[in-house]
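Step one of this worksheet: look at the structure below.
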Amino acid sequence: MTDCQGEGAKSPMELYEKLTAKGDEVRVLKTAKAEKAEIDAAVQLLLKLKIDYKQMTGQDYKAGCPPSENSVAPNNGPAADGADDEDTVDPWNVSTNNAKGVDYDKLIVRFGSSKIDKELVDRIEKVSGQKSHRFLRRGIFFSHRDMNQVLDAYEKQKSFYLYTGRGPSSEAMHVGHLIPFIFTKWLQDVFDIPLVIQLTDDEKYLWKDLSLEDCHRFAVENAKDIIACGFDVNKTFIFSDLEYMGASPEFYRNVVKIQKHVTFNQVKGIFGFTDSDCIGKISFPAIQAAPSFSNSFPQIFKGRKDIQCLIPCAIDQDPYFRMTRDVAPRIGYPKPALLHSTFFPALQGAQTKMSASDANSSIFLTDTPKQIKNKVNKHAFSGGKDTVEEHRMYGGNPDVDVAFMYLTFFLEDDEQLEKIRQDYASGALLTGELKKLLIETLQPMIEQHQERRKQVTDETVKQFMTPRPLNFNF
């Protein structure tokens with residue numbers, strides 16, 4: 001994505017002038033009582049500019065106090081714990097200076113969502129009649145929007161549907177891509193509800209240096225990995241944007257409705273688009289928003305527009321759905337609810353998420369047992385000490401150790417996980433032994449996935465991706 005820092009400002013004075021103009025714009029919008037969404041978008045852009053100004057000058061912006069000609073922030077290197085730097089989290093970039101990863105509590109405040117607390121986890125258990133998923137118990141899904149409202153309706157026999165997705169940028173998916181699908185399958189099973197899965201091959205064509213044909217081919221290949229997670233073909237519809245939007249007038253009508261109610265100023269504020277971005281990028285958010293509304297799928301919901309949608313996704317996708325939730329009541333639809341997950345860290349550490357474009361940062365679903373072993377042993381960031389003697393004496397830090405982080409995602413037994421944490425922190429468990437535990441967890445898991453994927457034929461994919469009624473009583 002194009003660098004949008006300061007919207008192209010090259011000097012402190014240029015950035016100061018942009019800030020002043022944006023502040024004036026916000027005041028005009030408030031005085032004119034403009035729509036809340038337009039004001040919020042302008043305010044968000046103003047806040048971004050203020051952050052850029054402080055990074056550039058080392059000083060807070062003050063109206064009427066322009067910077068001096070040589071006002072540039074000193075470069076003292078990254079903060080030791082990342083405390084002084086705001087994490088970067090948007091649909092295309094995730095990074096932090098903190099070895100423990102993104103500060104999710106701060107992110108909840110910044111995004112305006114709600115924390116998934118023990119009370120909500122207990123309520124999900126009660127309503128579903130099932131033990132909560134390990135992702136809920138361990139705070140991997142940590143934030144939500146309107147989940148209590150979904151549960152209220154469900155208790156009154158008002159059902160809902162699930163929507164999640166995948167941006168197919170490569171033929172092979174990595175283990176981090178499985179997280180939303182593992183959890184979504186659990187939700188589908190315990191609540192017995194339909195699911196739509198959007199493959200945004202159009203998005204990848206707009207953002208990546210890929211051909212349309214490759215993007216669509218990646219979508220079909222990724223669909224095979226998604227199907228291998230065990231979804232029920234009678235309750236799941238998987239669709240490619242490049243195929244479905246042209247075949248579904250109802251879906252496209254919703255895209256157009258959303259586009260009409262979101263201004264260019266708003267998408268600039270929400271997504272950081274610049275004047276040099278292609279118009280496809282600017283219009284794409286409406287396409288990702290459209291599956292949030294049930295009448296985008298008339299073959300499933302028979303034209304009903306009042307069935308609420310629940311979206312399990314990583315928190316970096318939230319900007320799309322903040323926009324969607326703002327538009328929904330203005331076009332007569334219920335707001336989608338969301339469940340947000342943390343990021344699956346790269347092997348090199350939690351400062352960034354695992355990437356499909358860097359083979360050494362990722363454990364791929366196509367990796368052999370030997371490749372998995374080599375990648376974990378060679379690249380997984382360790383929270384251990386430099387020598388065995390020091391580690392035995394002082395213990396390791398499981399909060400920054402990637403092998404332990406991965407076990408929190410994939411090891412089912414809570415008591416076993418806690419014992420591993422305690423043993424590693426006390427020094428009883430060495431780094432090599434911890435990595436061995438992870439390898440022994442990942443190898444059979446990925447091997448089993450590969451076996452299930454082999455059973456997914458082209459005909460199976462066609463079944464999942466054909467628009468059709470699903471087993472759904474409403």
Side-chain angles (χ1 to χ4, degrees), residues 161-174 177-178 180-189 192-206 208 210-255 287-288 290-303 307 309 311-313 356 364-366 446 448-473:
Y161 73 99
L162 296 165
Y163 157 41
T164 193
R166 160 84 183 125
S169 58
S170 63
E171 191 168 327
M173 291 168 59
H174 59 60
H177 292 141
L178 289 182
F181 296 110
I182 290 170
F183 187 62
T184 299
K185 183 186 182 302
W186 180 82
L187 289 169
Q188 183 185 52
D189 291 345
D192 191 25
I193 48 176
L195 161 68
V196 297
I197 299 175
Q198 181 184 46
L199 300 174
T200 56
D201 39 10
D202 52 345
E203 176 207 12
K204 293 308 171 187
Y205 175 69
L206 293 168
K208 302 280 188 178
L210 296 168
S211 70
L212 269 177
E213 292 74 21
D214 279 346
C215 291
H216 184 62
R217 180 170 58 83
F218 293 160
V220 173
E221 290 301 313
N222 286 185
K224 293 177 182 178
D225 278 306
I226 293 166
I227 292 166
C229 292
F231 290 107
D232 185 344
V233 69
N234 296 310
K235 296 175 185 173
T236 307
F237 173 48
I238 302 175
F239 65 98
S240 142
D241 284 345
L242 291 175
E243 284 187 348
Y244 185 64
M245 197 158 85
S248 174
E250 293 83 0
F251 187 94
Y252 183 61
R253 286 187 184 114
N254 275 339
V255 170
I287 299 172
Q288 185 158 323
S292 308
F293 305 130
S294 57
N295 63 345
S296 291
F297 306 98
Q299 72 277 13
I300 301 172
F301 303 109
K302 299 178 173 61
I307 301 171
C309 176
I311 306 169
C313 63
F364 284 94
L365 300 179
T366 53
I446 292 176
Q448 290 162 18
H449 179 89
Q450 290 169 352
E451 286 302 313
R452 291 193 301 269
R453 193 185 191 279
K454 287 178 184 176
Q455 307 306 313
V456 179
T457 64
D458 290 340
E459 181 59 31
T460 308
V461 174
K462 185 178 179 181
Q463 284 181 298
F464 273 90
M465 297 188 73
T466 297
R468 67 204 186 282
L470 298 179
N471 288 357
F472 178 52
N473 297 317

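Start at 1 with the first residue, then count along the sequence.
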So do Ile226 and Thr236 actually touch side chain to side chain, heavy atoms under 4.5 Å?
no
pair Glu171-Asp214: side-chain heavy atoms closer than 4.5 Å:
no
So, for Ala223 and Leu199, which heavy atoms are closest and what is the spacing to 0.1 Å?
CB-CD1, 4.0 Å
Please say whether more than 12 non-hydrogen atoms of neighbouring residues, nucleotides or ligands are located less than 6.0 Å from CZ in Phe231.
yes
To the nearest 0.5 Å, tell me how far Gln288 CD sits from Ile311 CD1.
8.5 Å
Strictly below 4.0 Å, N to O, side chains only: are Lys204 and Asp201 in salt-bridge contact?
no
Classify the ring geometry between His174 and Phe364 as parallel (under 30°), tilted (30 to 60°) or perpendicular (over 60°).
perpendicular
How long is the straight-line distance from CD1 of Ile182 back to SG of Cys229, given to the nearest 0.5 Å?
6.5 Å
Distance check, rounded to the nearest 0.5 Å: Ser240 atom OG versus Arg217 atom CZ?
13.5 Å
Minimum side-chain heavy-atom gap Asn254-Glu250 below 4.5 Å
no
Decide if the gap between the ring center of Tyr161 and the ring center of Phe301 is smaller than 6.0 angstrom.
yes
How close do Gln198 and Pro291 get, counting heavy atoms only, and between which atoms?
NE2-CG, 3.7 Å
Can a donor-acceptor pair be found, under 3.5 Å and without considering hydrogens, that links the side chain of Ser248 to the backbone of Phe251?
yes
Before we go on, tell me: are the rings of Phe239 and Phe297 under 6.0 Å apart, centre to centre?
yes
Is there a side-chain contact between Phe464 and Thr460, using heavy atoms and a 4.5 Å cut-off?
yes
Please determine if Asp458 and Lys462 form a salt bridge, counting it only when a charged side-chain N lies under 4.0 Å from a carboxylate O.
no
Taking the side chain as everything from C-beta on, heavy atoms only, tell me whether Gln188 gets closer than 4.5 Å to Leu162.
yes
Rounded at 0.5 Å granularity, tell me how far CG in Asn471 sits from CG in Asp192.
9.0 Å
Backbone of Pro312 reached by a side-chain donor or acceptor of Thr164 within 3.5 Å:
yes
Within 6.0 Å of OH in Tyr252, more than 12 heavy atoms from elsewhere:
no
Write down the atom of Leu195, the atom of Leu470, and the distance for their closest heavy-atom approach.
O-CD1, 4.2 Å
Arg166 side chain vs Ile197 backbone, donor-acceptor pair below 3.5 Å:
no
Please answer whether the main-chain N or O of Ser170 pairs with a side-chain N or O of Asn222 as donor and acceptor at a distance below 3.5 Å.
yes
Would you say the ring centroid of Phe237 lies under 6.0 angstrom from that of Tyr244?
yes
Quick check for you: to the nearest 0.5 Å, what is the distance between Leu365 atom CG and Gln450 atom CD?
7.5 Å
How about Pro168 and Thr200: do any of their side-chain heavy atoms sit closer than 4.5 Å?
yes
To the nearest 0.5 Å, tell me how far Cys309 SG sits from Tyr163 OH.
7.5 Å
Side-chain contact test, heavy atoms from C-beta onward, threshold under 4.5 Å: evaluate it for Phe472 versus Ile307 and give yes or no.
yes
Where Gly230 and Lys185 come nearest, the two heavy atoms and their spacing
O-CE, 3.1 Å
Side-chain heavy-atom pair Met173, Phe181 within 4.5 angstrom cut-off:
yes
May I ask you to decide whether Arg453 forms a salt bridge with Glu221, counting only side-chain N to carboxylate O separations under 4.0 Å?
yes
